[in-house]
Amino acid sequence: MTGKTAPPPSARERILQTAHDLFYLEGVRATGVDRVIAESGVTKVTLYRHYPSKNDLILAFLDYRHERWMTWFDAALRRHGDDAAALAPALHEWFAHPQFRGCAFINTVAELGPALPAAGERARAHKRAMQARIAALLPAGATREASARALAVAVDGAIVRAACDGAADDALDALRATVAALTAKKSR
């Protein structure tokens with residue numbers, strides 16, 4: 001072994017990771033640029049060189065979050081059987097995490113509303129990608145897309161319910177019931 005360690009993250013990476021953690025855990029509006037600067041250990045000039053405005057940083061956060069979450073979601077679904085029944089145990093992993101604060105996309109759209117239309121566009125793209133991954137769990141057929149839409153809405157509902165309740169049991173039970181109803185209809 002050579003004892004090599006990974007190079008330290010670049011200033012851009014530190015800023016984005018810090019913004020990601022703060023925006024997700026504390027909220028986009030509650031997190032000021034000065035806090036991101038202080039916690040990432042960069043200067044104001046460095047932050048603005050990489051992200052010319054807070055809106056640019058918010059959009060970078062959403063892009064970063066999308067990549068991270070979709071990678072996790074895909075792996076979690078595979079761990080739990082890669083079928084529709086895998087949705088509840090996969091989400092249970094996330095809901096059980098001590099830093100679970102709901103969906104970053106739903107939260108950001110709720111916080112910003114129409115103030116940053118590009119955030120809404122990022123959220124819609126994320127939800128389309130999530131729905132496409134859910135569709136891949138279902139058998140091909142005429143109702144596949146409609147079932148995927150219904151399950152995507154059920155997943156979003158479970159996420160919001162788990163975040164609001166602080167406990168996942170009811171949300172996951174409802175999601176399991178939705179999965180069972182939609183997949184039983186297909187097997188008849």
Side-chain angles (χ1 to χ4, degrees), residues 4-78 87 90-91 93-136 148-149 151-164 166 171:
K4 289 183 181 179
T5 59
S10 69
R12 181 182 186 82
E13 291 167 334
R14 286 195 324 271
I15 294 165
L16 184 55
Q17 183 62 54
T18 301
H20 171 273
D21 295 349
L22 292 171
F23 288 167
Y24 181 66
L25 294 174
E26 298 181 16
V28 170
R29 286 192 185 270
T31 303
V33 171
D34 289 338
R35 177 117 181 257
V36 175
I37 290 167
E39 293 202 19
S40 63
V42 300
T43 66
K44 190 174 280 202
V45 169
T46 300
L47 181 131
Y48 285 114
R49 183 179 329 118
H50 293 291
Y51 304 99
S53 70
K54 184 176 180 183
N55 286 349
D56 292 318
L57 185 57
I58 292 167
L59 297 177
F61 151 68
L62 292 173
D63 292 341
Y64 180 69
R65 181 67 183 190
H66 171 74
E67 292 301 320
R68 283 185 58 179
W69 194 88
M70 289 303 297
T71 298
W72 167 82
F73 188 52
D74 184 58
L77 291 171
R78 281 189 268 111
L87 285 167
L91 290 177
E93 286 182 19
W94 183 32
F95 296 171
H97 194 281
Q99 293 182 328
F100 170 72
R101 298 292 181 272
C103 173
F105 297 88
I106 293 170
N107 296 348
T108 301
V109 169
E111 280 191 69
L112 298 178
L116 183 58
E121 293 166 14
R122 298 291 204 294
R124 286 185 295 280
H126 172 75
K127 295 304 177 181
R128 283 191 302 272
M130 182 185 78
Q131 183 177 313
R133 182 60 178 99
I134 292 169
R149 268 192 308 279
L151 287 173
V153 169
V155 165
D156 282 338
I159 293 167
V160 171
R161 181 71 183 261
C164 289

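Along the sequence shown, residues carry numbers from 1.
With sequence neighbours excluded, no residue satisfies salt bridge (charged side-chain N to carboxylate O under 4.0 Å, His left out) with K54. With sequence neighbours left out, the side chain to side chain donor-acceptor pair (under 3.5 Å) criterion links H50 to no other residue. Residues satisfying the ring pair (Phe, Tyr, Trp, His ring centres under 6.0 Å) test with F100, not counting sequence neighbours, are W94, F95. Not a single side chain to side chain donor-acceptor pair (under 3.5 Å) links R14 to another residue, sequence neighbours left out. Take Y51 and apply the side chain to side chain donor-acceptor pair (under 3.5 Å) test, not counting sequence neighbours, and it matches no residue. Take E13 and apply the salt bridge (charged side-chain N to carboxylate O under 4.0 Å, His left out) test, not counting sequence neighbours, and it matches no residue. Applying the side chain to side chain donor-acceptor pair (under 3.5 Å) criterion to D74, with sequence neighbours excluded, gives R78, R133. Looking at residues two or more places apart in sequence or on another chain, you find a side-chain contact (heavy atoms from CB on, under 4.5 Å) between T43 and V45, T46.
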Which is it for R49 and R12 under the side chain to side chain contact (heavy atoms under 4.5 Å, CB included) test, yes or no, and what are the steps along the way?
CA-CA 9 Å; R49 183 179 329 118; R12 181 182 186 82; over 6 Å; no
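Under the 4.5 Å side-chain criterion, counting only non-hydrogen atoms from C-beta, T18 is not in contact with I15. When side chains are defined from C-beta on, I134 does not count as touching R149, because their heavy atoms never get closer than 4.5 Å. At least one side-chain heavy atom of I106 sits less than 4.5 Å from a side-chain heavy atom of K127. Inter-residue side-chain proximity for L59 and L116 is flagged as met; some heavy-atom pair is nearer than 4.5 Å. Side-chain contact between K44 and D34 is present, with heavy atoms from C-beta onward closer than 4.5 Å.
What you find for A104 and R65 is that their closest heavy atoms are CB-CG, 3.7 Å. The two residues I159 and C103 come nearest to each other via the heavy atoms CG2-N, 3.4 Å. Between A171 and A158, the closest heavy-atom pair is CB-O, 3.4 Å. Of all heavy-atom pairs between L112 and A119, the closest is CD1-CB, 4.4 Å. The two residues G27 and T31 come nearest to each other via the heavy atoms O-OG1, 2.8 Å.
Atom-to-atom distance recorded for H126:NE2 and Q131:CD is 12.0 Å, nearest 0.5 angstrom.
Listed by first and then second residue, the side chain to side chain donor-acceptor pair (under 3.5 Å) pairs that reach into residues 98-124 are D63-R122, sequence neighbours excluded. Applying the ring pair (Phe, Tyr, Trp, His ring centres under 6.0 Å) test to residues at least two apart or on different chains, the pairs with a partner in residues 9-49 are H20-F61, H20-Y64, F23-F61.
Taking the six-membered ring for Trp and thresholds of 30 and 60 degrees, W72 and W69 have ring planes inclined between 30 and 60 degrees apart.
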